[in-house]
Amino acid sequence: MDQKVLEIIADLKSYLEYLRGMGIEALPATGRESEDSHSNLTLQTLEEVRKELGDCRRCKLHRARRTIVFGEGNEKARLMFIGEGPGYDEDVQGRPFVGKAGQLLTKIIQSIHLEREEVYIANIIKCRPPQNRNPEPDEIESCYPFLLKQIQAIQPKVICALGTFAAQTLLNTNAKITALRGRVFDFTGIKVFPTYHPAFLLRNPERKREVWEDVKQISEWMANKDEDS
Ligand code: URA
């Protein structure tokens with residue numbers, strides 16, 4: 001099959017997955033019904049999403065967590081960073097990326113002349129897994145719809161997916177981060193730029209240059225977008 005057709009099918013598949021994550025299980029068959037159903041689809045504000053999340057006990061991570069790390073930053077951010085999940089420091093403080101990896105993320109953000117307060121920072125899961133183990137599929141499944149609602153509320157132009165879990169979850173792929181970074185993907189009209197996770201950079205500082213290149217690409221893409229509009 002033509003490469004372009006394959007790409008359209010892949011985009012459509014990821015859009016349908018995205019809708020399912022938002023709780024939309026079926027699509028109407030005709031244009032008229034579609035107009036009707038759109039009027040029923042009310043987007044939530046970040047505050048409403050936080051309220052709906054409540055004192056979440058939807059997965060087993062609630063048992064050992066101290067705090068829910070919802071995410072923080074500019075509600076109207078054009079750029080969103082999405083990591084994996086809270087670690088020890090984040091669990092204690094209730095804020096994303098505040099430990100050593102977080103300090104490095106702050107530098108990465110500043111390298112493109114932005115401050116943390118100008119972007120929005122969130123994670124695939126909102127509660128710390130015991131011993132910082134990887135998130136499990138049922139945990140991602142419970143938590144991901146809330147991240148999708150946050151993305152809907154913020155409507156960023158660009159998402160920087162930090163590390164394997166963020167990139168694979170958002171792009172619905174098993175591809176390795178080494179194969180994904182340095183490329184641009186479409187996620188329901190939002191550009192996704194995967195790059196290495198800051199914690200990986202702490203262990204492999206020689207890979208920092210690639211991340212700096214990736215975020216520079218983001219910055220250039222956003223500057224070009226500004227010129228267009
Ligand atoms: N690592 C993450 O993926 N997220 C955080 O918030 C902190 C460390």
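All ligand and atom numbering here is 1-based and tracks the order in the structure.
- In this structure, Q150 and L147 have side chains that are in contact, with non-hydrogen atoms separated by less than 4.5 Å.
- Across I82, L46, I151, I159, a single residue satisfies side chain to side chain contact (heavy atoms under 4.5 Å, CB included) together with Y120, and that is L46.
- Within 6.0 Å of CD in E206 there are more than 12 heavy atoms belonging to other residues, nucleotides or ligands.
- For atom 4 (N) of ligand 1, the closest non-hydrogen atom on the protein side is N123 OD1, 2.8 Å.
- In terms of polar-atom proximity, defined here as any N/O pair under 3.5 Å, E84 does make such a contact with ligand 1.
- If you check each of F97, Y88, F165 against atom 8 (C) of ligand 1, the one with the closest non-hydrogen atom is F97.
- With ligand atoms numbered from 1 in the order given, ligand 1 contributes 3 (O) to contacts under 4.0 Å with heavy atoms of G83.
- For atom 5 (C) of ligand 1, the closest non-hydrogen atom on the protein side is G85 O, 3.4 Å.
- For R209, the CZ atom is loosely surrounded, since the number of other residues' heavy atoms within 6.0 Å does not exceed 12.
- Atoms of ligand 1 found under 4.0 Å from any heavy atom of H197, numbered from 1 in the order shown, are 1 (N), 2 (C), 3 (O).
- Atom NZ of K60 is surrounded by more than 12 heavy atoms from other residues, nucleotides or ligands within 6.0 Å.
- The shortest heavy-atom distance from R95 to ligand 1 is not under 4.0 Å.
- E136 CD: more than 12 foreign heavy atoms inside a 6.0 Å radius.
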